[in-house]
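Accompanying notes for the structure given below.
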Protein chains: 2
Amino acid sequence: MKNKITLKELAKLLNVSVSTVSKALHDSAEISPKTAERVKELAKLHNYRPNPVAVNLKSSKSGTIGVIIPNISNTFFANVLLGIEARAQKSGLQVITYISNEKLEREQQIAEMLTSGFVDGVLIAISEETQRKKEYDHLFNLVDYDIPVVLYDRINLDLQVDKIGIDDEYSLEEATRMLQARGIKKIGIATSIHHLGVGKLRITGYRNALKNENDFYIANSSKPDSLREKTQKLLVEDKVEAILCTDFVSTMMVYRLAYENKIIIPKDLKVIGFLNADVARFLTPSISYVEQFPEEIGEQAVDLLVNRIENRIGGKQPINKTINTKLIHLESTDF
Amino acid sequence: MKNKITLKELAKLLNVSVSTVSKALHDSAEISPKTAERVKELAKLHNYRPNPVAVNLKSSKSGTIGVIIPNISNTFFANVLLGIEARAQKSGLQVITYISNEKLEREQQIAEMLTSGFVDGVLIAISEETQRKKEYDHLFNLVDYDIPVVLYDRINLDLQVDKIGIDDEYSLEEATRMLQARGIKKIGIATSIHHLGVGKLRITGYRNALKNENDFYIANSSKPDSLREKTQKLLVEDKVEAILCTDFVSTMMVYRLAYENKIIIPKDLKVIGFLNADVARFLTPSISYVEQFPEEIGEQAVDLLVNRIENRIGGKQPINKTINTKLIHLESTDF
DNA sequence: CTGAAAGCGCTTACAG
DNA sequence: CTGAAAGCGCTTACAG
């Protein structure tokens, strides 16, 4: 029922001009202390808040940033969003969320819409389809419209913009070496994302740690049935002593196959997964995993974007940031 | 580099007035077909898109809706957001996301901010703390400011606004009866959310299905250690034949305790959980659960809000909607 | 059929 | 120290 009060109405009530009210509320030195006080008092009384839409129009800003998320059901991305929201609030920015569902077309629609000025900048983790088809025109388009873009998490592509993600290659290399250091020789890897940038890097990390081709045991497929078959072969025929998983699907597949084949984790098989703390800790046995610090990725992504928006970043050089992952030991790698 | 072209610039290029351009682009009958075509052609050429901020200011709308989410890491809420985003896109609305982290204070800050007109309406699942303290002034405040509010999921409270959620009571009553029909007598329930509205309803459903006090086996605590102890008692001492879980934490606790105590699911213990499909299906054994259709809740929440915003809902009567849950049978209730 | 004017709610350079 | 004026980019009732 309360109608929002405007500057104009406030001015009328006070018998001063709109300009005076506006200046008073902004603590302008031009205004006498007396007037300033009167204005502020009445403003507070009426709970005056400037209409953000008007302020934005005046300042040619939208006061919002857009976030494109490929898959919100993935806790990793949900936690990135958590970090983004927290940091954006601090900067007084609203976060408009878009979900691409891993579809190129949807991503293009969103990017197209964003060129009309809904947001001051965009954070994006590109969709799987976009990566596969290497179709980046819609992103270039955003850049052309002078809308700052920051890529997060899925950063293994050639776009001249700021990027923040984890060191995927190193994270799995480190995990593999840890297993080797414990005397494990036969180490396999299961992946359902070998066709994606992050997947490739993680597999490369695994390969780096192993000396030669003969040591590789790789089960890779984006199709569940095929992944199941290949992983089963690794576990049952090749009898790997440990297995690394590059993603949620392959991790769960390994657990499922171990269960079905009565392979006891960690006695018969050590497992290192790539998933979120909530799931990893609650599984039985709990599963050692690579912590990616999604919230921090979100926070730093906003920082990069804000700097770009406010033009605080020197020059035009894109910045590349990497967050260090951490191997968390839980029951699945007990020795 | 491309600077966004404005109506004014378009008008100058065409040697007509701004009004004419605007009308032409809106297919006004006032404009001659010739002019209309000229205008549209140039607009397309320059990829003209009206500045949404200006349009909003003119129409006293923001073109956005706010969504307050208590906990985005919870896949349930993530999927609600998925439904919200999809439906909002269809209605041409932008979704601004806020995360309360289950904190009253944060929720109040958000509500306070929203009164200044960032959004045309708000979807909110109130935080745990808000529910506990029954502190709803900030929500009343939104309503006072004529900002439509729709409550989703956590709807067991006395606020005269539209609501959408699931029938929590019936869902667990049905689950309990299903177990009874299979000849199971000793049925327990584990819950970490008995202090919340949804938790209470779910427990009531369980009680409804059982005849008398003697049949109740309840492990309830919001503290992990205490919940663990109580649940352990149910499983090991009371030796319940089946256990219902009202939430993610209690579900995982049951799995963990079964694992530790070498209780085999489903041979020794049937389990019905309350969690998301992704997790339920991937566990070993997979866990029967109550499907809550979060996406649909999100979609319908937007529908309710849009109707309210456009004043299409007859009268002022708040609408209460309920989505039917569905019991999904997986391995943990194999007979 | 076209355009000048007013106005959405602000901010700010400028005049007094 | 205060206010009138211009303007952010649009829409629309009104005049011609």
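The figures here come from the full heavy-atom set of this structure, side chains too, leaving out hydrogens, waters and symmetry mates. So that the names make sense, note that chain A is the first sequence line, chain B the second, and so on, each numbered from 1.
- With sequence neighbours left out, the salt bridge (charged side-chain N to carboxylate O under 4.0 Å, His left out) criterion links B/Glu85 to A/Arg106.
- The CG atom of A/Asn47 lies 8.5 Å from the NZ atom of A/Lys4; values are rounded to the nearest 0.5 Å.
- Distance check, rounded to the nearest 0.5 Å: CG of A/Asp137 to CG of A/Leu142 gives 11.5 Å.
- Of the two residues near DNA chain C, B/Ser17 and A/Lys8, the one whose nearest nucleotide lies more 5' is B/Ser17.
- A side-chain donor-acceptor contact under 3.5 Å links B/Asp120 to the backbone of B/Gly63.
- Contact check of residues 23-41 of chain B against DNA chain D (heavy atom, cut-off under 4.0 Å) returns B/Lys23, B/His26, B/Glu30.
- Identified under the salt bridge (Lys or Arg N to Asp or Glu O under 4.0 Å) test for residues 15-29 of chain B, with sequence neighbours left out: B/Lys23-B/Glu30, B/Asp27-B/Lys40.
- Shown here are the salt bridge (charged side-chain N to carboxylate O under 4.0 Å, His left out) partners of A/Glu129, two or more places apart in sequence or in another chain: A/Lys133.
- Residue contacts shown for B/Val18 include a base, since a base heavy atom lies under 4.0 Å away.
- Applying the salt bridge (charged side-chain N to carboxylate O under 4.0 Å, His left out) rule to A/Arg87 yields the partners A/Glu299, A/Asp303; only residues at least two apart in sequence or on another chain are considered.
- In this structure A/Glu41 satisfies the side chain to side chain contact (heavy atoms under 4.5 Å, CB included) test together with A/Glu37, sequence neighbours excluded.
- Counting any heavy atom pair closer than 4.0 Å across all strands shown, B/Thr6 reaches sugar-phosphate atoms only and no base atom.
- Within residues 112-120 of chain B, no residue is approached by DNA chain D to less than 4.0 Å at the level of any non-hydrogen atom.
- Rounding to the nearest 0.5 Å places OG1 of A/Thr97 at 10.5 Å from CD1 of A/Ile110.
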Could you write out DNA chain D as a dot-bracket string, with dots for unpaired bases, | for bases paired across to another strand, and Watson-Crick or G-U pairs counted at under 3.5 Å?
|||.||||||||.|||
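- With sequence neighbours excluded, the residues forming a side chain to side chain contact (heavy atoms under 4.5 Å, CB included) with A/Ser91 are A/Leu93, A/Val306, listed by chain and number.
- On the P atoms, C/dA4 is 15 Å away from D/dG7, given to the nearest whole Å.
- Once you apply a 4.0 Å limit to the heavy atoms of chain A, the touched nucleotides of DNA chain D run 5' to 3' over D/dC1 to D/dG9.
- Between A/Thr20 and B/Arg49, the residue whose closest nucleotide on DNA chain D is further toward the 5' end is A/Thr20.
- In this structure A/Arg49 satisfies the salt bridge (charged side-chain N to carboxylate O under 4.0 Å, His left out) test together with B/Glu112, sequence neighbours excluded.
- Side-chain N or O atoms of A/Asp162 include one that pairs as donor or acceptor with a backbone N or O of A/Ile319 at under 3.5 Å.
- The salt bridge (Lys or Arg N to Asp or Glu O under 4.0 Å) contacts involving residues 92-105 of chain B comprise B/Glu102-B/Arg154, where partners must be two or more places apart or lie in separate chains.
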